[in-house]
Structures are given as C-alpha cells and as structure tokens.
Amino acid sequence: MKKIYLMYAMIVMTANIALAQRGVVYETRTVKSEILKVERKYSIYLPPGYEESDQSYPVLYLLHGAGDDHTGWVQFGQVQYIADKAITEGKSAHLIIVMPDANTGRRGYFNDIRGDFNYEDFFFKELIPHIEKTYRVRADRHYRAVSGLSMGGGGTIFYSLHHPEMFAAAAPLSASTGSWELGQLKSRLGDAATKVSDEKIEEYFKRHSVEGILNNASQEEKDSFKRIRWYISCGDDDFLYEGNSLMHIAFRKAEIPHEYRVKDGGHTWTYWRMELPLVLEFVSKSFMQF
C-alpha cells in the first residue's frame, strides 16, 4: 500500500510540475487605435509563472502572414505548446509573445501609400506602448525582438530597418522581402498607384526596398543595422526563395552579420512550426547577451 501511495504521489507531483510549466494564451484582446480609428485585436502568450510573480519579461512581436490574423500563430503555429516546451527545456527565456492582427480593414503591416491607413505608425506609436503599459514587459530594445512569416516576415525586415533602435533581434521566416524593382512595386500597388504621384511611389519604393535602404543608409544607420541579431530562414521549395536569397546577398555586401538558413520545406505551417523553437532560442540568446 505504501508503495502504491508513493507512486500516486509521484504522479501527482509530476502533473503539478507540468501544469506549473504551462503558459497562458489570451486569443483575443484589443487596443483602441486613434491612428487607424478602430479597435485592433491581438493575441498574447504569457509565460509560466507570469500570474504568480512581479517579474518583468522580454517580449517577442510575432507577425502572421497574409490570409491569417492574430490567431494564426495560436491556431496553426501551436505557439503555446512550442513556447512552453522551449522554456521547460531551457532553450528559451521566459518571454511574452504578442501576435497583432494585420488583416482587418486593410491587409499589411506598413503605412498605406495614400496615407489614410498607417499601420506601421499604429504598431510603434500605439501597440507597443499599450503592451508595455498593460503587461510587465521590459521596455528596452535589449529585451525586444520581432519575427514573422511571409507577409509578417516582410514586416519583420522593414520594421527592423526602419526602427533599428527598437529591436535586439529580428527573425524573418519565408519572408516577403518587398519589391526589388520600381516596376514590380507599381504592379503590386495596382489601382493605388494611379492615385498618387510618381514621386510618391519612388519615395515609397526606397523606403520598402532592402537594397534602397542599405544603399542610402548613413554609416550611423548601417552600424545600427549591425547591432540587430538577424536570423533569416526560408525553405528550399518556397516560392519566395529568390527574394530571401537576394536579401542574404545584400546583407553580405553591406557587411551586416546574419544567420541565413535554407532548409528542406516550402511555404507551409510545417516549416514555420519547425522554425519557431529555433527563433525562440535565437532571440533568447539576444536578450541574454546584454
């Protein structure tokens, strides 16, 4: 009987430890945006022990792709399971993960070329301050990272190049790397291109061109790009392989240190779920080095 009791006690203790190592995901929370004139949704992962402590945590902004919304990484990316496992195994820091919605109203993470839907302004002027006011987040670039897949990978790239003072690490996955030629941008803009001047289109192109940003950057700006730890990953069967390859080459020419990984896989959740634990480990090392 004593042996059975001890076995039962061990099972209960093991279950309690496993339960204690679980984080919490709130799938839909909102922030009021004066810039976008609408309530914006986001999902958030709070690490194990968040509710029981007064500790402040580093934060990862994790961006979804086109066609998904803030729930994409929760529903298809298994963010809670993957983050819990990485933290339990000691491969990830205890961190907060914020997953904003960029699929309502208009799709995308950037300011609209017409100037009437400025999502990037919302992200930096309203979302980040809201997160840092509402949750126990370390409000310092040394403890802030950004990652995302596809369209969200594009957001990761240009948020980091536009605001290098904001991030310790950037990890674009299967990224949409923007337009590499002006004509390509005009084609992507479609009808919107007919509503603005050629000068405005050229200005927009330079701001959303990896080569344009790097070629026109001052030495101070180039140094700030180098202070970000970069992890770039794309599957060998991904239709966005060319842009990711060109970005790798552009970064090499600009002497920006980065990890560039090409692995077996396509533009799929299978690939992104495989990469997320590595992203968590990578950004955690970025937080720890300071």
Side-chain angles (χ1 to χ4, degrees), residues 31-42 61-70 72 99-130 146-167 170 172-218 221 224-225 228 239-240 242-244 246-247 250-251 254 267:
V31 52
K32 185 177 181 180
S33 172
E34 299 295 337
I35 292 172
L36 300 178
K37 297 177 175 55
V38 69
E39 290 274 336
R40 299 300 306 190
K41 296 177 181 179
Y42 64 91
Y61 290 88
L62 188 59
L63 312 182
H64 66 78
D68 286 324
D69 59 20
H70 60 292
M99 295 153 279
D101 173 28
N103 197 48
T104 301
R106 296 181 197 175
R107 178 180 293 177
Y109 292 98
F110 308 133
N111 292 348
D112 193 283
I113 193 170
R114 292 160 290 192
D116 59 349
F117 196 83
N118 295 332
Y119 191 95
E120 185 170 341
D121 289 350
F122 153 75
F123 187 92
F124 287 95
K125 295 178 181 180
E126 293 182 326
L127 178 63
I128 289 179
H130 166 79
V146 61
S147 180
L149 66 90
S150 194
M151 180 180 78
T156 299
I157 293 166
F158 291 104
Y159 280 7
S160 301
L161 293 176
H162 292 167
H163 307 273
E165 77 286 354
M166 293 292 290
F167 301 108
L173 307 176
S174 311
S176 174
T177 57
S179 303
W180 292 85
E181 297 176 355
L182 184 58
Q184 192 178 41
L185 173 63
K186 288 182 178 179
S187 177
R188 287 180 177 178
L189 289 173
D191 184 59
T194 66
K195 294 181 169 63
V196 294
S197 66
D198 288 342
E199 291 78 8
K200 188 74 174 178
I201 294 173
E202 188 170 348
E203 178 186 336
Y204 192 86
F205 172 69
K206 289 179 180 178
R207 183 167 172 78
H208 298 88
S209 161
V210 173
E211 283 186 323
I213 292 172
L214 298 182
N215 290 341
N216 294 303
S218 66
E221 289 171 328
S224 68
F225 300 154
I228 298 171
F239 71 95
L240 294 175
E242 184 175 4
N244 284 262
L246 291 172
M247 180 175 168
F251 270 38
H267 205 75

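Values reported hereafter were calculated over all heavy atoms of this structure, with side chains retained and with hydrogens, waters and symmetry mates removed. In this text, all values refer to a predicted model and were calculated from it rather than measured experimentally.
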From [X] [atom1] over to [Y] [atom2], what is the distance, rounded to the nearest 0.5 angstrom?
X    : Y    : atom1 : atom2 : answer
D121 : L127 : CG    : CG    : 12.5 Å
M151 : L63  : CE    : CG    : 8.5 Å
F124 : I35  : CZ    : CD1   : 11.5 Å
S197 : I113 : OG    : CD1   : 8.0 Å
K206 : I201 : NZ    : CD1   : 13.5 Å
H163 : L161 : NE2   : CG    : 10.5 Å

Any sub-3.5 Å donor-acceptor pair from [X]'s side-chain atoms to [Y]'s backbone N or O?
X    : Y    : result
N244 : L240 : yes
T156 : G148 : yes
Y159 : Y109 : yes
E126 : E34  : yes
H64  : M99  : no

Heavy-atom pair of closest approach, residues [X] and [Y]:
X    : Y    : result
A175 : G154 : CB-N, 4.0 Å
N111 : Y204 : O-OH, 3.2 Å
A250 : E211 : CB-CG, 4.5 Å
A170 : I228 : N-CG2, 3.8 Å
T177 : V210 : O-CG2, 4.0 Å
P100 : F123 : CG-CE1, 4.1 Å

- [ ] Would you mind checking if K41 and D69 are paired as a salt bridge, meaning a charged N to carboxylate O distance below 4.0 Å?
- [x] no

Open item on the list: Evaluate R40 against Y119 for side chain to side chain contact (heavy atoms under 4.5 Å, CB included), listing each step before the verdict.
Closed with: CA-CA 10 Å; R40 299 300 306 190; Y119 191 95; 3.6 Å; yes

Open item on the list: For a 4.5 angstrom cut-off between non-hydrogen side-chain atoms, does R106 reach D116?
Closed with: yes

TODO: Hey, can you tell me if F110 and F158 have their rings parallel, tilted or perpendicular (30° and 60° cut-offs)?
DONE: perpendicular

TODO: Check side-chain hydrogen bond (donor to acceptor under 3.5 Å, both in side chains) between H162 and all other residues, then give those that pass, not counting sequence neighbours.
DONE: E120, R207

Task: Over 12 non-hydrogen atoms of neighbours within 6.0 angstrom of CD in E221 - done: yes

Task: Partner set under side-chain contact (heavy atoms from CB on, under 4.5 Å) for H130, not counting sequence neighbours - done: V31, Y42, T134

